[in-house]
Amino acid sequence: MARQRSSILPRRFYRRDSRVVAPELLNKVLLCRGAAGRIVEVEAYVGAIDPGSHAYRGKTARNATMFGPPGHLYVYFTYGMHWCANAVCESDGIGSAVLLRALAPLEGIDAMLVRRGERPPRELCSGPARLCQALAIDGEDDGADLVAADRGIRILDDGTPSPARAGCSRRIGLTKGVEHPWRWFVPDDPNVSRRTPPRFLV
DNA sequence: ACCGGGATGTTCT
DNA sequence: GAACATCCCGGTG
């Protein structure tokens, strides 16, 4: 079967529960100004019902993008030095998003090596802050519309299906909402940020 | 392999 | 003042 031409994911793709969107983002392609990688690890942050989410306590200046329309990029700063990027989900007014945790590098690897320092390819994008550094995503990109390719950032469907059986586990690095199994990853991909025993496959 | 600690500064209590 | 959706490095086994 011939592979279809790459297309930008439409707004309606994001306008659903982040727990549904997250596993469907696996094997899509994040493209940012010439650098690109295939999404191999994600986490869902659900909003008002999720104590692990930035949106849990309501809208603030920092998390405002999470409460905006779906299909935009929510970028936040953490641990005094790192940026992390999410795809905003659900309808306008609901704080819901998918954290992009790891990519398999596809294009612009030379630029990634300059930004991240010389290292094995599997260490370029294997973590939410690493992938932002590799693609040069920072706070300037908060709010970028992925459907309109604002700032040259978009998510493409190149015809590669999401895994028939994605790995699933608890989310990484949280102290609240730890019990929810809302992390998904491509099994056995070397770019996944951490080897975690999957509780089940979907 | 695994583990502990430090970097660094914004956000929220 | 504490917490933080992290990463890196240097220790030990």
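Note that the structure is predicted; figures quoted are calculated from it, not measured. So you know, we letter chains A, B, ... as the sequences are listed, proteins then strands, and number each from 1. All values below come from the heavy atoms of this structure, side chains included, with hydrogens, waters and symmetry mates left out.
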Which heavy-atom pair separates A:Ala44 from A:Ala22 by the least distance, and what is that distance? CB-CB, 4.2 Å

Side chains of A:Asp141 and A:Arg33: closer than 4.5 Å at any heavy-atom pair? yes

Answer yes or no: is there an ion pair linking A:Arg62 with A:Asp142, defined by an N-O contact shorter than 4.0 Å? no

5' to 3' on DNA chain C, which nucleotides open and close the contacts with chain A (atom under 4.0 Å from a heavy atom)? C:dC4 to C:dC8

Give one of base, sugar-phosphate or nothing for A:Arg195, where a contact means two heavy atoms less than 4.0 Å apart. nothing

Reading nucleotides 8-13 of chain B from 5' to 3' and marking B where a protein heavy atom lies under 4.0 Å of the base, S where only the sugar-phosphate is that close, and - otherwise, the string is BBS-SS

Between C:dA2 and B:dG6, how far apart are the two P atoms, rounded to whole Å? 16 Å

Taking every non-hydrogen atom, the tightest pair across A:Leu26 and A:Glu41: CD2-N, 3.6 Å

Looking across every strand, which nucleic acid part, if any, lies under 4.0 Å from A:Gly52 by heavy atom: base, sugar-phosphate, or nothing? base

Which part of the nucleic acid, if any, lies within reach of A:Arg116 when heavy atoms closer than 4.0 Å are counted: base, sugar-phosphate only, or nothing? sugar-phosphate

Would you call the rings of A:Phe77 and A:Trp83 parallel, tilted or perpendicular, taking 30° and 60° as the class edges? tilted

Between B:dG6 atom C1' and A:His82 atom NE2, what is the distance in whole Å? 11 Å

Within 45 degrees of the axis of the six-membered ring of A:Tyr45 and under 6.0 Å from its centre: does A:Arg171 put its NZ or CZ there? yes

For DNA chain B, stems built from three or more consecutive Watson-Crick or G-U wobble pairs below 3.5 Å: B:1-7 with C:6-12, B:9-12 with C:1-4

